Colleague: 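Sharing a structure, written as structure tokens. Questions coming.
Computed from a prediction, not measured in an experiment: that's the story for all the values here. For the numbers below, each heavy atom of this structure counts, side chains included, while hydrogens, waters and symmetry mates do not.
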Amino acid sequence: MAQDTSVRLRAANAGDAEGITRVFLASREAALPGLARVHSDEDTLAWITHVLLPGTRVWVAEGAAGELLGFASLDGDELDQLYLRPDTLRQGIGTRLLEQVKEASRGELSLYTFQRNTGARAFYERHGFVAVAYDDGGRNEEKEPDVLYRWTAAGRPVAARPE
């Protein structure tokens, strides 16, 4: 697939908080209808503004007109967030964001995604992530069963983290 040169990746800044919040909320609603909403939109914006943006490395993908199409965040060795606007799926934007995070990592990443998010699971598996643990939902606020994925750079074995 040819890379869309009208999409640009850049480091996020504080001014991106509202756009990131809109993408986060729309993506979760589209991918996981019926997922428990444990925070208001205002609380989600506050979390993105005061926790996510200052506490993790965040990149955004923006279109030719500067519109926010998606974002990803890296927290240590964890791919903490990767969300796209629902109308931009399957255009290579998620792959570009994921490659940016992989490049910025120390050669290994872990992430959690909900077990029923089959689209996300297939995406991560296509990109070399391996499921290493399943949880009944007791570890997340939504109480939704999730799965832990791990990725390591070529040639390094994937191993489950000690719990």
Colleague: For the atom pair CD (Glu144) and CG (Asp136), what is the distance rounded to the nearest 0.5 Å?
Modeller: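 Glu144 atom CD to Asp136 atom CG measures 11.0 Å (nearest 0.5 Å).
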Colleague: Does any non-hydrogen side-chain atom of Trp59 lie less than 4.5 Å from one of Arg10?
Modeller: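 Arg10 does not reach Trp59 side chain to side chain.
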Colleague: Are Asp135 and Val147 packed together at the side-chain level, in the sense that at least one heavy-atom pair is separated by less than 4.5 angstrom?
Modeller: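 They are not in side-chain contact.
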Colleague: Might you point out which heavy atoms bring Leu79 and Ala72 nearest each other, and give the distance in Å?
Modeller: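 Heavy-atom minimum between the residues: CD1-CB, 4.5 Å.
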Colleague: Just verifying a value: how many Å separate Glu103 CD and Leu98 CG, rounded to the nearest 0.5 Å?
Modeller: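 Reported to 0.5 Å precision, the distance equals 11.5 Å.
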Colleague: Is Thr49 reaching over with its side chain to a backbone N or O of Ala46, donor-acceptor style, under 3.5 angstrom?
Modeller: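 No.
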Colleague: What's the shortest heavy-atom distance between Lys143 and Gly138, and which atoms?
Modeller: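 Closest pair (atom of Lys143, atom of Gly138, distance): NZ-O, 4.0 Å.
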Colleague: Side chains of Leu109 and Leu74: does their closest heavy-atom pair fall under 4.5 Å?
Modeller: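 In short, these two side chains touch, coming nearer than 4.5 Å.
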Colleague: Ignoring hydrogens and angles, tell me if any N or O in the side chain of Asn117 forms a donor-acceptor pair with the backbone of Ala120 under 3.5 Å.
Modeller: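 Yes, Asn117 side chain to Ala120 backbone: donor-acceptor pair under 3.5 Å.
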Colleague: Check whether any side-chain heavy atom of Ile20 lies under 4.5 Å from a side-chain heavy atom of Leu68, and answer yes or no.
Modeller: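 Contact flag for Ile20/Leu68 side chains = yes.
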Colleague: For Glu67 and Ala65, indicate whether the former's side chain and the latter's backbone hold a donor-acceptor pair under 3.5 Å.
Modeller: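 Confirmed, Glu67 side chain pairs with Ala65 backbone.
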Colleague: Rounded to the nearest 0.5 Å, how far does CD of Gln81 lie from CG of Asp75?
Modeller: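 Separation between the atoms: 9.5 Å.
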Colleague: Please say yes or no: joined through hydrophobic side-chain contacts below 4.5 Å, possibly via intermediate residues, are Phe123 and Ile93 part of one cluster?
Modeller: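 Shared cluster, yes.
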Colleague: Indicate yes or no: at least one non-hydrogen side-chain atom of Asp80 is less than 4.5 angstrom from one of Val58.
Modeller: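 They are not in contact (no side-chain heavy atoms under 4.5 Å apart), so the answer is no.
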Colleague: For Glu108 and Thr152, work out which heavy atoms get closest and say how close.
Modeller: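 Heavy atoms of Glu108 and Thr152 come nearest at CB-CG2, 3.9 Å.
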Colleague: Compare all side-chain heavy atoms of Phe114 with those of Arg121 and state whether any distance is below 4.5 angstrom.
Modeller: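 No, every pair of side-chain atoms sits at 4.5 Å or beyond.
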Colleague: Asp41 vs Leu25, test: side-chain contact (heavy atoms from CB on, under 4.5 Å). Steps then yes/no.
Modeller: CA-CA 8 Å; Asp41 292 1; Leu25 293 170; 3.5 Å; yes
Colleague: Please examine the side chains of Leu111 and Trp151, heavy atoms only from C-beta on, and report whether any two atoms are closer than 4.5 Å.
Modeller: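 When only atoms from C-beta onward are counted, Leu111 and Trp151 do not touch, as no gap falls below 4.5 Å.
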Colleague: In terms of hydrophobic clusters joined by side-chain contacts under 4.5 Å, are Leu97 and Leu89 together?
Modeller: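 Cluster IDs for Leu97 and Leu89 match.
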Colleague: In sequence, state the C-alpha distance, the side-chain angles, and the governing distance for Arg22 and Arg85, and then conclude on side-chain contact (heavy atoms from CB on, under 4.5 Å).
Modeller: CA-CA 8 Å; Arg22 282 192 299 275; Arg85 263 185 14 201; over 6 Å; no
Colleague: Can you give me the closest heavy-atom contact between Thr56 and Ser73, atom names plus distance?
Modeller: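 Closest heavy-atom pair between Thr56 and Ser73: OG1-CB, 3.4 Å.
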Colleague: Are Val23 and Val51 connected into the same hydrophobic cluster when the rule is that any two of I, L, V, M, F, W, Y join if their side-chain heavy atoms are below 4.5 Å apart?
Modeller: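 Same cluster: Val51 reaches Val23 through Ile, Leu, Val, Met, Phe, Trp or Tyr contacts under 4.5 Å.
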Colleague: Once you round to the nearest 0.5 Å, how far does CD of Glu78 lie from OG of Ser105?
Modeller: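 Result: 13.0 Å between the selected atoms.
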Colleague: For a 4.5 angstrom cut-off between non-hydrogen side-chain atoms, does Val7 reach Glu62?
Modeller: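 Side chain of Val7 against side chain of Glu62, heavy atoms only: no contact under 4.5 Å found.
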Colleague: Work out which heavy atom in Gly70 is nearest to a heavy atom in Leu84; give both atom names and the distance.
Modeller: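 Here Gly70 and Leu84 meet closest at CA-CD2, 3.9 Å.
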Colleague: Assess whether side-chain contact (heavy atoms from CB on, under 4.5 Å) is satisfied between Val101 and Glu99, documenting all intermediate values.
Modeller: CA-CA 5 Å; Val101 172; Glu99 290 302 321; over 6 Å; no
Colleague: Rounded to the nearest 0.5 Å, what's the gap from CG on Leu52 to CG on Asp16? Could you check?
Modeller: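 Going from CG on Leu52 over to CG on Asp16, the span is 11.0 Å.
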Colleague: Please report the shortest heavy-atom distance between Leu9 and Ala61, naming the atom on each side.
Modeller: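 Scanning both residues, the minimum pair turns out to be CD2-CB, 3.5 Å.
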Colleague: Salt bridge check, Arg28 against Glu142: does any charged N sit closer than 4.0 Å to a carboxylate O?
Modeller: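 Salt bridge: yes.
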Colleague: Looking at CG of Leu45 and CZ of Phe24, how far apart are the two atoms once the value is rounded to the nearest 0.5 Å?
Modeller: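 Reported value, rounded in 0.5 Å steps: 11.5 Å.
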Colleague: Assess whether side-chain contact (heavy atoms from CB on, under 4.5 Å) is satisfied between Phe129 and Arg150, documenting all intermediate values.
Modeller: CA-CA 5 Å; Phe129 285 80; Arg150 302 246 324 132; 5.8 Å; no
Colleague: Do the ring planes of Tyr149 and Tyr124 sit parallel (below 30°), tilted (30 to 60°) or perpendicular (above 60°)?
Modeller: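 Ring orientation, 0 to 90° scale: tilted.
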